[in-house]
Amino acid sequence: MRYLIFMDDLRRNAVWIALVLVAILAGLLIRAPWMVRGWKRTAVRTVGALFLSFAVIVAIPAAFFARKDPPAQHFVFRSADGSRVALLSRSETRDSAAAEVTVKGNRCCSRYVAYRYFGDGDDYTGPDSLQWVDDHHLIIRFARDETSTTQDCRSQIGDITVVCVSRPDPHPLGR
């Protein structure tokens, strides 16, 4: 379970990790202690300053938009004997919604994405949306959104059979 939440957070924070790495590289290039004074050191410092400027220019709007997003909700579903774990991660903004169901595989660091949704509406997934029949069968219930940009439910992931059940939209006129 912790691994699935860690991977979900890592995916959500990939932009910040990349910006930190670019800023560290820029700092090393600006300092350039391994180079003797001359035009090459000036050129390397200029490239470092450009990298740092790029990182700042990208970080300001990213910080503005990231601050507005509510945190993701995580729902954990365990199989009957507890050997399998599925994680439903949901986040909603004013204009869109996203949901993803990940299942931990048999190996140490494997995870499979069983269901992914991103769109303008809502797929109405929540605590009652997933159910383990046994250790190798998972049922996912969601509302079909015809206007979504991404709504994908896989029927087989690893050695797990996924049954995708499309239920009707509970608020058909609410969109």
Side-chain angles (χ1 to χ4, degrees), residues 1-78 84-123 125-126 130 138 140 142 145 147-160 162:
M1 174 184 64
R2 288 183 181 155
Y3 171 72
L4 293 176
I5 293 174
F6 169 75
M7 290 303 291
D8 188 55
D9 289 341
L10 183 67
R11 181 181 51 84
R12 291 180 192 279
N13 295 320
V15 172
W16 297 112
I17 294 168
L19 285 175
V20 166
L21 292 176
V22 167
I24 290 171
L25 177 66
L28 287 173
L29 290 175
I30 289 172
R31 188 163 174 244
W34 64 89
M35 299 189 78
V36 290
R37 296 191 187 270
W39 69 271
K40 289 182 183 178
R41 185 173 186 177
T42 304
V44 167
R45 285 182 158 186
T46 303
V47 170
L50 289 173
F51 278 171
L52 189 60
S53 300
F54 170 77
V56 169
I57 288 171
V58 170
I60 290 173
F64 174 75
F65 289 115
R67 187 186 60 174
K68 301 290 183 184
D69 290 342
Q73 297 173 329
H74 297 292
F75 301 102
V76 178
F77 300 89
R78 294 187 187 275
R84 298 291 181 148
V85 177
L87 176 71
L88 170 62
S89 300
R90 269 188 70 54
S91 61
E92 289 186 35
T93 60
R94 184 174 57 98
D95 296 333
S96 65
E100 186 174 75
V101 175
T102 54
V103 179
K104 184 165 181 346
N106 288 339
R107 288 178 279 135
C108 146
C109 299
S110 64
R111 79 179 182 100
Y112 303 105
V113 177
Y115 173 74
R116 181 173 285 148
Y117 170 79
F118 180 77
D120 296 338
D122 197 351
D123 63 342
T125 53
L130 270 74
L138 176 66
I140 301 175
F142 58 92
D145 184 6
T147 63
S148 73
T149 54
T150 302
Q151 189 169 27
D152 179 36
C153 187
R154 298 194 175 106
S155 60
Q156 185 75 31
I157 51 169
D159 63 340
I160 299 171
V162 178

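Across every non-hydrogen atom of L88 and A99, the tightest pair is CD1-CB, 4.4 Å. In terms of heavy-atom proximity, R111 sits nearest to T102 at NH1-CG2, 2.9 Å. Between I157 and V103, the shortest heavy-atom distance links the atoms CD1-CG2, 3.7 Å. Nearest heavy-atom pair, R78 versus V85, reported as atom, atom and distance to 0.1 Å: NH1-CG2, 3.4 Å. Taking all atoms of both residues into account, the shortest heavy-atom contact from I57 to P61 is O-CD, 2.9 Å. The two residues V22 and F51 have their closest heavy-atom pair at CG1-O, 3.7 Å.
Using a 30° and 60° split on the angle between ring planes, Y115 and Y117 fall in the parallel class, below 30°.
Under a 3.5 Å cut-off, the side chain of R41 and the backbone N or O of R31 do form a donor-acceptor pair.
Paired with V101 under the rule side chain to side chain contact (heavy atoms under 4.5 Å, CB included), one option of V162, I140, T125 passes, and it is I140.
Atoms CG and CD1, on L29 and I24 in that order, are 12.0 Å from each other to the nearest 0.5 Å. For the atom pair CG of L52 and CG of L19, the computed distance is 11.0 Å after rounding to the nearest 0.5 Å. Rounded to the nearest 0.5 Å, atoms OH (Y112) and CD1 (I160) are 8.0 Å apart.
Counting heavy atoms from C-beta on, the side chains of F142 and Q151 come closer than 4.5 Å.
Scored by the side-chain contact (heavy atoms from CB on, under 4.5 Å) test, D159 finds R84, N106, H136 as partners (sequence neighbours excluded). Partners of L21 by side-chain contact (heavy atoms from CB on, under 4.5 Å), not counting sequence neighbours, listed by chain and number: I17.
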